[in-house]
Protein chains: 2
Amino acid sequence: MFSQTVEYALRAVVFLADHAPTACTTDQISTATQVPKPYLSKVLQNLGRNNIVRSQRGIGGGVTLVKMPNELTILEVVNAVEPIERIHTCPLGLKSHGTKLCPLHQRMDEALEMVEKSFNQTTVAEMLAEPGGSHPLCENPKATAEKQVKKRQ
Amino acid sequence: MFSQTVEYALRAVVFLADHAPTACTTDQISTATQVPKPYLSKVLQNLGRNNIVRSQRGIGGGVTLVKMPNELTILEVVNAVEPIERIHTCPLGLKSHGTKLCPLHQRMDEALEMVEKSFNQTTVAEMLAEPGGSHPLCENPKATAEKQVKKRQ
DNA sequence: ACAAAACAGGACGTCAATGTCCATTTTAAC
DNA sequence: GTTAAAATGGACATTGACGTCCTGTTTTGT
């Protein structure tokens, strides 16, 4: 239902949010999210072109979120890598249906709408709030404490 | 979001329901649903193996639904060709997460659950009831009237 | 028995998603 | 300036989804 790429993009963004505003390298993200580094690199480039993340080359560089985690929705991330395609016109091209979908496609589009709305209502920040659940991408629920800030000098 | 195969399977099933309990040939279904015949054939075989449709070889043969349209849900059809995979355990294999998903995967699974429930609540028969919308797969909304019953002799 | 209609199934082709690899460019530190 | 860290981009490999084709098998009507 959801592609690998969507899953990977969300993992990366959650990781970045968890470390914001510190920049993270592809290596760090790859290790933590268990996404193959070369592929992750492509996904991040894609997120960069769609203005979800910003990247900085060279020593001390890395990737950061463009928006604040509490202003970035999962829908924005999903739409950046694989847009949710709502059904607007009859896929069979039946002219008489026009803008009015038949019940089949109405139902399918309703499902898409539900997902779209749900994803639009969830910010990346909400996923770090651990409402009873475990912390994203971390083995130890309390691992947030020792956030490893990278020294620059 | 939904694969072509799912779309094709649903079109075929809706067409069969619209003509139930008369058997339809792959040719008829292919023409009406605009699904390439050889591929439709594979999809129907798949639906057959999953006991959604039954097929009859030879002259006068064709494909029919196993269940009554009002007892067949879209979920059953979807699950036959491409099962909705709910997220039950942490995709990263983090042991400490166990059965408790992190917020990210909770949200993704919630979306899957919504779609699953929605599809489970919709029967194929409901899609022929044309609640204000147009009739499935038919150019003319009133084309149902002249249902072309195939003569056997 | 024979012919025609119809499904079954295997082999093959194509393409996009996924994944890998390497050379290049940018940047900071020394 | 040199070096090392890091992203960029292009080329390539692999795999599964989608689609086609052909041969065989079943069934009915004559």
Side-chain angles (χ1 to χ4, degrees), chain A residues 1-12 15-16 19 22-31 33-66 78 80-83 85 91 150-153, chain B residues 1-12 15-16 19 22-31 33-66 78 80-83 85 91 150-153:
Chain A
M1 192 83 164
F2 300 113
S3 71
Q4 274 303 99
T5 305
V6 163
E7 163 86 31
Y8 290 168
L10 288 172
R11 282 189 207 172
F15 181 84
L16 287 174
H19 292 74
T22 310
C24 304
T25 69
T26 306
D27 247 322
Q28 294 174 317
I29 306 174
S30 168
T31 301
T33 60
Q34 296 180 28
V35 178
K37 190 168 75 140
Y39 192 67
L40 173 63
S41 170
K42 302 296 183 191
V43 176
L44 288 172
Q45 279 176 45
N46 198 347
L47 289 174
R49 283 184 220 104
N50 286 279
N51 214 38
I52 303 294
V53 302
R54 177 181 300 118
S55 56
Q56 179 69 29
R57 287 185 178 185
I59 294 182
V63 181
T64 51
L65 292 180
V66 169
V78 171
V81 294
E82 189 188 292
E85 306 271 10
K150 218 184 155 190
K151 287 209 162 76
R152 295 294 175 94
Q153 47 197 1
Chain B
M1 192 82 163
F2 299 113
S3 71
Q4 274 303 98
T5 305
V6 163
E7 163 86 30
Y8 290 168
L10 288 172
R11 282 189 207 174
F15 181 84
L16 286 174
H19 293 75
T22 309
C24 304
T25 69
T26 306
D27 246 322
Q28 295 174 317
I29 306 174
S30 168
T31 302
T33 60
Q34 296 181 29
V35 178
K37 191 167 75 140
Y39 192 65
L40 174 63
S41 170
K42 303 294 183 191
V43 176
L44 289 172
Q45 279 176 46
N46 199 347
L47 289 175
R49 283 186 220 104
N50 287 279
N51 213 38
I52 302 294
V53 303
R54 177 181 300 118
S55 56
Q56 179 69 30
R57 287 184 177 185
I59 294 181
V63 181
T64 51
L65 292 180
V66 168
V78 170
V81 294
E82 190 189 292
E85 306 271 10
K150 219 185 153 190
K151 288 210 162 71
R152 297 294 175 92
Q153 43 197 6

Student: Give one of base, sugar-phosphate or nothing for A:G48, where a contact means two heavy atoms less than 4.0 Å apart.
Tutor: nothing
Student: Go through the structure and list residues passing side chain to side chain donor-acceptor pair (under 3.5 Å) with A:T26, not counting sequence neighbours.
Tutor: none
Student: Please identify each residue that fulfils side chain to side chain donor-acceptor pair (under 3.5 Å) with B:S3, with sequence neighbours left out.
Tutor: B:E82
Student: Judged by each residue's nearest nucleotide on DNA chain C, which is more toward the 5′ side, A:T5 or B:L44?
Tutor: B:L44
Student: When the C1' atoms of the five terminal pairs at each end define the local axes, what inter-axis angle does the helix from C:dA1-D:dT30 to C:dC30-D:dG1 show, to 10 degrees?
Tutor: 10°
Student: Within the sub-3.5 Å range, which N or O atoms of nucleotides 9-12 of chain D have a protein N or O partner, and how far apart are they?
Tutor:
residue: D:dG10; atom: N7; partner: A:K42; partner atom: NZ; Å: 3.3
residue: D:dG10; atom: O6; partner: A:K42; partner atom: NZ; Å: 2.6

Student: How would you label the contact of A:P38 with the nucleic acid (heavy atoms, under 4.0 Å): base, sugar-phosphate, or nothing?
Tutor: base
Student: Only one of A:I29, A:D27, A:V63 passes side-chain contact (heavy atoms from CB on, under 4.5 Å) with A:L40; say which it is.
Tutor: A:I29
Student: Does C:dG19 have OP1 or OP2 sitting under 4.0 Å from an N or O in the side chain of A:Y8?
Tutor: yes
Student: Taking for each residue the nucleotide of DNA chain C with the nearest heavy atom, is it A:I59 or A:S3 whose nucleotide lies nearer the 5' end?
Tutor: A:S3
Student: What residues, two or more places apart in sequence or in another chain, satisfy salt bridge (Lys or Arg N to Asp or Glu O under 4.0 Å) together with A:K42?
Tutor: none
Student: Looking only at side-chain N and O atoms, does A:T25 come under 4.0 Å of OP1 or OP2 in D:dA7?
Tutor: no
Student: Sort and list the pairs that fulfil side chain to side chain donor-acceptor pair (under 3.5 Å) and have at least one residue in residues 50-63 of chain A, not counting sequence neighbours.
Tutor: A:N46-A:N50
Student: Heavy atoms from C-beta onward define the side chain here; which of D:dT8, C:dC7, D:dG19 lies closest to that of B:Y39?
Tutor: D:dG19
